[in-house]
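Right, one structure below, let's go through it.
In this chain, numbering begins with 1 at the start of the sequence shown.
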Amino acid sequence: MNDDRLWEFERTLWTGGADAYETQVAEDVVMSLPAAPFLYDRRAAVEAVKNTPRWDEVEFADTRVERHQEGLIVIAYRARAKGGERTYDALCTSTLLRLGHEEWVVIQHQQTPLGVEVADPNG
């Protein structure tokens, strides 16, 4: 997957709905997000997307792409997402795995929000 396609793939996960997660996220994905339940599997991630307003746009900065081996891509970036009056800034990583020709899925995603206090999961 070339870089342009890679970033469009990632952008779709920010701006698309549950359909994007159904097709682009692996069954055994591991996600770490700054909202309860904090550690998500695919089912929880799809449900969260169904119940969360989607972002109108997202900008990626400080992007980094590592291709560790054939069919495995790790990306890191700073995201600024906007939706209506809402703005969200975070440091993110995603790991993509190729399943077949031109077929990729996210197997890991993590977000660390910037400029906000993250809730204590024990509190």
Side-chain angles (χ1 to χ4, degrees):
M1 179 184 308
N2 69 35
D3 284 2
D4 288 341
R5 184 164 170 245
L6 172 66
W7 293 112
E8 190 54 39
F9 181 95
E10 190 75 3
R11 181 173 277 98
T12 300
L13 292 168
W14 283 83
T15 61
D19 292 346
Y21 274 64
E22 295 281 358
T23 60
Q24 292 176 228
V25 173
E27 290 289 335
D28 57 352
V29 71
V30 175
M31 289 190 173
S32 173
L33 303 172
F38 303 104
L39 298 176
Y40 288 73
D41 60 16
R42 183 173 185 264
R43 181 189 52 75
V46 169
E47 286 304 310
V49 168
K50 286 179 182 177
N51 298 312
T52 304
R54 303 311 302 147
W55 300 107
D56 297 326
E57 62 182 271
V58 62
E59 300 169 9
F60 301 132
D62 301 328
T63 59
R64 185 167 173 187
V65 177
E66 298 294 336
R67 291 174 170 84
H68 295 277
Q69 66 184 42
E70 184 69 26
L72 183 67
I73 301 172
V74 178
I75 62 174
Y77 58 94
R78 187 167 40 100
R80 169 165 271 192
K82 297 177 184 176
E85 298 296 317
R86 300 174 302 135
T87 301
Y88 174 69
D89 292 286
L91 298 175
C92 306
T93 63
S94 291
T95 305
L96 287 75
L97 176 68
R98 186 176 62 209
L99 300 178
H101 180 70
E102 299 297 321
E103 183 183 5
W104 292 83
V105 291
V106 174
I107 59 172
Q108 174 277 329
H109 179 73
Q110 177 275 330
Q111 293 179 18
T112 302
L114 298 171
V116 298
E117 184 175 335
V118 179
D120 179 355
N122 298 314

Side chain to side chain contact (heavy atoms under 4.5 Å, CB included) evaluation trace for Arg54 with Thr15: CA-CA 6 Å; Arg54 303 311 302 147; Thr15 61; 5.8 Å; no
Salt-bridge present (Arg86, Asp56; N to O < 4.0 Å): no
Spatial distance of atom CZ (Arg67) from atom CD1 (Ile73) [nearest 0.5 Å]: 4.5 Å
Short side-chain to backbone donor-acceptor contact, Arg80 and Ala61, under 3.5 Å: no
Heavy atoms of other groups near Arg43 CZ, more than 12 under 6.0 Å: no
In one Ile/Leu/Val/Met/Phe/Trp/Tyr side-chain cluster, 4.5 Å: Met31, Ile107: no
Separation between CG of Asp3 and CD1 of Ile75, rounded to the nearest 0.5 Å: 9.5 Å
Pair Leu114-Leu91, side chain to side chain contact (heavy atoms under 4.5 Å, CB included): steps then yes or no: CA-CA 7 Å; Leu114 298 171; Leu91 298 175; 3.9 Å; yes
hydrophobic_cluster_shared for Val106 and Leu6, side chain cutoff 4.5 Å: yes
Hphob cluster co-occupancy, Val105 + Leu13, side-chain heavy atoms under 4.5 angstrom: no
Backbone of Arg78 reached by a side-chain donor or acceptor of Asp89 within 3.5 Å: no
For Trp7, all residues meeting ring pair (Phe, Tyr, Trp, His ring centres under 6.0 Å), sequence neighbours excluded: Phe60, Tyr77
Derivation and outcome, side chain to side chain contact (heavy atoms under 4.5 Å, CB included), residues Arg5 and Glu102: CA-CA 10 Å; Arg5 184 164 170 245; Glu102 299 297 321; 2.5 Å; yes
Pairwise distance CG(Leu97) to CD(Glu103) - rounded to 0.5 angstrom: 9.5 Å
Nearest-0.5 Å distance that lies between atom SG in Cys92 and atom CG in Asp62: 11.5 Å
For Ala44, side chain to side chain contact (heavy atoms under 4.5 Å, CB included) partners two or more places apart: Tyr40, Asp41
Pair Phe9-Ser94, side chain to side chain contact (heavy atoms under 4.5 Å, CB included): steps then yes or no: CA-CA 11 Å; Phe9 181 95; Ser94 291; over 6 Å; no
Single hit among Thr95, Leu96, Val65 for side chain to side chain contact (heavy atoms under 4.5 Å, CB included) with Val74: Thr95
Inter- and intrachain pairs under ring pair (Phe, Tyr, Trp, His ring centres under 6.0 Å), touching residues 78-113, at least two apart: Trp55-Tyr88
Minimum heavy-atom distance between Asn2 and Asp4, given as atom pair plus value: OD1-N, 3.1 Å
Check ion pair Arg42-Glu22 (N to O, under 4.0 angstrom): yes
Shortest non-hydrogen contact between Ala18 and Val49, atoms and distance: N-CG1, 3.5 Å
